[in-house]
Every structure is written in structure tokens, then in C-alpha cells.
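In what follows, a single structure is set out as C-alpha cells and then discussed.
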Amino acid sequence: NDTSVESDLCFRSPTDIDPPLALAWNNLGLALLDQANHAEAEQPYRSITDIYPQDAGAWSNLGVAFDEQYKHAEAEQAYRSITDINPKDTGAWNNLGVALANQGKYGEAEQAFRSINDIDQQDVVDWNNRGIALEEQNKHVHGRTGSPKCTEIRTQKDRSRKHLTRYLER
């Protein structure tokens, strides 16, 4: 599409003019991800992480680029970089857990999901993913603990939502 070519040019020009400008690299990477050019999107995010290794957003987008190409080991490393930068980033722990599970590393995936639970016990996705990881390890007795807790949290949220709706209707 013509606008995609033009937007690529617009996003590439600043990277030539001012190579350390992370915003330009990020915008180029996002444009490439949006166009499903996942392999090509790696380069802009690698440029950012080389210049600014503490940029968790760049590591996250690099992980996405890897995931979309089924490069789960590389995605694992990108997501581990985020958890090193910010150990309380539940999204990074979730993405790490998924990348590990995609490699068949279910025990490590379960630990990544457990890290989310240490941060936020109300994270429904964590309970569900942790249950799946445990079941995949043939730990059916423990794996089932994820699903009931997930259902319990959802039920509490639904009740809260109903109470809020009733209150607002007054």
C-alpha cells in the first residue's frame, strides 16, 4: 500500500539523521509490526536496546517481534530483560511464561506465572495460565487450583460490577 511505503520512509529518515533517537526507532518498529514485517521489526528494537538497554518498552516490542516469528527462545530473553529492569511488570512475567510454555518449559512457565500472583493475587490471566502450565506438567491435582480461583475472582468482579451498576442507576 502506498501509505505504508511513505510511512516507512518517514520513520526511517530520522534514524539516519539522529541514530540514537529511540522514538524514531520505536515508530519504525511499530510500523513494521503493524505491517506484519516481524523479522524486519527486530532491527529497530535491537537498535534501541543496544543504545538504551533499560528501555523495557523496546524489549517488549522486540519480544513480540520474536513471538510472531515463533522465535520463543529469543522472546524469552527479551522478556527476561524486562523482568530484570522492572520485577513488578506483570505483563512481562505473563509474556515470559507464555514464551517458556511455547518451548515446553512448563515448570519455568509456572514459576513466571507464580511471580505475577506474588504481585497481584487478583490477576485472572495469571491463575488461568498457571493452571494450564501445571496441567501440562501432568500436575493435575495442583493444576486445577488455577481454574477455581480464576472463577472465584471473576465472580467477585461480576458482583462488584452489578453493585456499581445498581448504585449508578439511583
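- Going from atom OH of Tyr70 over to atom NE2 of His72 covers 7.0 Å, rounded to the nearest 0.5 Å.
- The closest side-chain heavy-atom distance from Leu32 to Pro44 is below 4.5 Å.
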Report task. Under the salt bridge (charged side-chain N to carboxylate O under 4.0 Å, His left out) rule, what do Glu108 and Arg80 come out as? Steps first, then yes or no, please. Result -> CA-CA 12 Å; Glu108 290 179 62; Arg80 282 191 191 281; 3.1 Å; yes
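- For the pairing with Trp93, the side-chain contact (heavy atoms from CB on, under 4.5 Å) check across Val98, Asn117, Ile119 returns one residue only, Ile119.
- Rounding to the nearest 0.5 Å gives a distance of 15.0 Å between OH of Tyr52 and CH2 of Trp59.
- Using modelled atom types, one side-chain atom of Gln103 and one backbone atom of Ala99 make a donor-acceptor pair closer than 3.5 Å.
- Taking both residues in full, the closest heavy atoms of Pro53 and Ile85 are given as O-CD1, 3.5 Å, listed atom of the first, atom of the second, then distance.
- For the atom pair Gln54 CD and Asp84 CG, the distance stands at 9.0 Å (nearest 0.5 Å).
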Query - Gln43/Ser47 under side-chain hydrogen bond (donor to acceptor under 3.5 Å, both in side chains): CA gap, chis, key distance, verdict - result: CA-CA 6 Å; Gln43 190 271 326; Ser47 294; 3.0 Å; yes
Report task. Given side-chain hydrogen bond (donor to acceptor under 3.5 Å, both in side chains), test Asn37 with Gln35 step by step and report yes or no. Result -> CA-CA 5 Å; Asn37 291 334; Gln35 296 167 22; 3.2 Å; yes
Report task. Could you please spell out the steps behind the side-chain contact (heavy atoms from CB on, under 4.5 Å) verdict for Asp89 and Thr83? Result -> CA-CA 7 Å; Asp89 186 331; Thr83 61; 5.9 Å; no
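- Here Asp120 contributes atom CG and Lys88 contributes atom NZ; the two are 11.0 Å apart, rounded to the nearest 0.5 Å.
- Note that CD1 of Ile116 is 9.0 Å distant from CG of Leu96, once rounded to the nearest 0.5 Å.
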Query raised in the report: What do the steps show when you test Asp67 against Tyr79 for side-chain hydrogen bond (donor to acceptor under 3.5 Å, both in side chains), and what is the final call?
Result: CA-CA 11 Å; Asp67 274 334; Tyr79 298 133; 2.7 Å; yes
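- Sorted by first and then second residue, the salt bridge (Lys or Arg N to Asp or Glu O under 4.0 Å) pairs with a member in residues 41-61 read Glu42-Arg46, Glu42-Lys71; sequence neighbours excluded.
- One N or O on the side chain of Tyr45 and one on the backbone of Leu30 form a donor-acceptor pair closer than 3.5 Å.
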Requested in this report: Assess whether side-chain contact (heavy atoms from CB on, under 4.5 Å) is satisfied between Gln111 and Phe113, documenting all intermediate values.
Outcome: CA-CA 5 Å; Gln111 288 301 313; Phe113 296 131; over 6 Å; no
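- Of the inter-residue distances, the one linking Asn102 atom CG with Glu76 atom CD reads 11.0 Å to the nearest 0.5 angstrom.
- Of all heavy-atom pairs between Ala112 and Leu100, the closest is CB-CD1, 4.3 Å.
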